[in-house]
Trainee: 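Could you have a look at this structure, given as structure tokens, before my questions?
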2 protein chains.
Amino acid sequence: MPSTAELAYLAAYDASQFPRPSVTVDVVLIALDGDALRTLLVRRTEQPQKGRWSFPGGFVRIDESLDDAAARVLRDKAGIDGVFLEQLYTFGAPERDPRTRVISVAYYGLVDHAALAAAAASLGEHDRVATFRVPWEGERGGPVDLLDAHGKALSVAFDHRDIAGTAIKRLRGKLAYTPVGFALLPREFTLLQLQRVHEIVLGTRLNKDSFRRRMLASDTLETTGTAQEGVDHRPAALYRRRETGDSFHG
Amino acid sequence: MPSTAELAYLAAYDASQFPRPSVTVDVVLIALDGDALRTLLVRRTEQPQKGRWSFPGGFVRIDESLDDAAARVLRDKAGIDGVFLEQLYTFGAPERDPRTRVISVAYYGLVDHAALAAAAASLGEHDRVATFRVPWEGERGGPVDLLDAHGKALSVAFDHRDIAGTAIKRLRGKLAYTPVGFALLPREFTLLQLQRVHEIVLGTRLNKDSFRRRMLASDTLETTGTAQEGVDHRPAALYRRRETGDSFHG
DNA sequence: TGAATAGTGTCTATAAGACAATATCCC
DNA sequence: GGGATATTGTCTTATAGACACTATTCA
């Protein structure tokens, strides 16, 4: 409950006494498709950097939280709702946008690939599913390339290659101790599929025996009692993520 | 190199077409003093929330990067320069500041305690060294209390208890795989002092044998060839951090 | 039957926890 | 010497990597 003095102060406050930056959110939407991580890019149809590719983004409204703004951008620009979405980092170099001072709060989200492909298909030639190519190992960090379907690096707007790098670094860091890996898989999956997800995210090969033991001992999986069907070999048992108290927000 | 079309667009751009939030930086300055982590708080002398305690902060200038703004705040409000400083998280709930929409980019910094105490002493009764009291274990996260010298919880402004919690969580997370622990110690230290730092940051006791082996095997320490002097027991060997390629920014 | 992957069992190497024994300082 | 912490060494346990072997499906 504000005091009388505080209320008087607020009534007299002049919000426009200092120049203010614009604040945007940009969303790195990540999905797993086959043997690579992919993301949704939007072609810029306006200046500045017209024709370049960027992550879907938009201005933060004056009465809207940052999380809400990121969810709204995802809903409006990709038709995607209700997915895992987490703040990444805030990019605020003074010259990152030539129009005016723009500070961007970057988010990343995890979806299944069907949703990503559907979003790109419905929006036409100004949207594209691009593939990450990470030029560094482990969690060293740094800019990341985004490739088109032919493996050619796309021309990316602003500092969005840095944003992509931050997203990959975060995803790698959270893989071991949060359930982010499951968000890239269908509800039921085999242990080998889960291992492939970890390998693709980390960019390394993993020991099969050790991965299997670790996962089964970790108490994060439960068996479905069913197995794969129609595969060219002995079918593997299907598991699903065990709903426990452990959170995505490690 | 912007194109002619881009330059024409930029000249015509009206930067004031949408209402903009204010953007501030707030800095959680952390030092180790005896058996606890402490931080510098500033008493608010103006509305809103006059009389409450907050982390030192200030508005981001229109031509200044976020990192530069955080360093400037630290320099101007605490007389501290050249320390480890890293972006934490951006807080943007619409109602977090009753004046107007204020989005705060939080930073944390690590200093030795002498610098923290000197800053508080030079600035008088409107600055205070407060102690963190963390009500959760591990990296679960959540708001953190700030105590005065008598152990009483201070009245903290805005969402700064959440900012404090985010700083502690980040520090705990980075302790194992970055050199942040060294930033809280003098240049030369014993293995037991290093262990105490880890225990205080993590809020748990650690196994001495295992900690010692792990540190000596980790290649991050080098021996100074000297030992403690004037202690009440067998003097321990002194070590210093080995300057390698490994970075604070894990 | 052969190709392919699933799943089990065992051996070894490494790291962590426990603890005993000895070392070195100050009082 | 007594008190306190440092340092070394050994034993046990848990986990990871390696690898052999069996199981089950489809073509």
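Residue numbers begin at 1 in each chain, while the letters A, B, ... track the order of the sequences. Computed from a predicted model, the values in this text were never measured in an experiment.
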Trainee: Just to be sure I understand the rule, does B:Ala217 reach a base, reach only the sugar-phosphate, or reach nothing, if contact means heavy atoms closer than 4.0 Å?
Mentor: nothing

Trainee: Using whole Å, what does the distance between atom P of nucleotide D:dA6 and atom CZ of B:Phe189 come to?
Mentor: 14 Å

Trainee: For A:Gln193 and C:dA6, give me the distance from atom CD to atom C1', rounded to whole Å.
Mentor: 13 Å

Trainee: Taking only side-chain nitrogens and oxygens of B:Arg212, does any of them come within less than 4.0 Å of OP1 or OP2 of D:dT7?
Mentor: yes

Trainee: Between B:Arg214 and C:dA16, is there a contact of a side-chain N or O with OP1 or OP2 at under 4.0 Å?
Mentor: yes

Trainee: Do A:Tyr89 and A:Asp162 meet the criterion of a side-chain donor-acceptor pair at a distance under 3.5 Å?
Mentor: no

Trainee: Counting side-chain heavy atoms from C-beta on, which of D:dA16, D:dT25, D:dA6 comes nearest to B:His233?
Mentor: D:dA6

Trainee: Using heavy atoms to find the nearest nucleotide of DNA chain D for A:Val231 and A:Arg213 separately, return the residue whose nucleotide is more 5′.
Mentor: A:Arg213

Trainee: Does the base of D:dA4 carry an N or O that pairs as donor and acceptor with the side chain of B:Arg234 under 3.5 Å?
Mentor: no

Trainee: Applying a 4.0 Å non-hydrogen cut-off, can you work out what B:Ala227 is touching in the nucleic acid: base, sugar-phosphate, or nothing?
Mentor: nothing

Trainee: Strictly below 4.0 Å, N to O, side chains only: are A:Glu86 and A:Arg170 in salt-bridge contact?
Mentor: yes

Trainee: Using a strict cut-off of less than 4.0 Å between a Lys/Arg side-chain nitrogen and an Asp/Glu carboxylate oxygen, indicate whether A:Glu188 and A:Arg240 qualify as a salt bridge.
Mentor: yes

Trainee: Are A:Tyr108 and A:Val27 close enough, and set up right, to give a side-chain contact (heavy atoms from CB on, under 4.5 Å), and what steps lead you there?
Mentor: CA-CA 5 Å; A:Tyr108 77 109; A:Val27 180; over 6 Å; no

Trainee: One thing to verify: whether A:Glu139 and A:Lys169 come together as a salt bridge, which I'm taking to mean a side-chain N less than 4.0 angstrom from a carboxylate O.
Mentor: no

Trainee: Can you find a side-chain donor-acceptor pair between A:Asn207 and A:Ser210 that sits under 3.5 Å?
Mentor: no

Trainee: In whole angstroms, how far is the P atom of C:dA3 from the CG atom of A:Asp232?
Mentor: 12 Å

Trainee: Over all strands shown, is A:Leu192 touching base, sugar-phosphate only, or nothing at heavy-atom distances under 4.0 angstrom?
Mentor: sugar-phosphate

Trainee: What is the separation between atom CE on A:Met215 and atom P on D:dA16, rounded to the nearest whole Å?
Mentor: 10 Å

Trainee: Please list, in numerical order, the residues of residues 194-211 of chain B that have a heavy atom closer than 4.0 Å to any atom of DNA chain C.
Mentor: B:Asn207, B:Asp209, B:Ser210

Trainee: Quick one: are A:Leu66 and B:Thr90 in side-chain contact, heavy atoms under 4.5 Å?
Mentor: yes

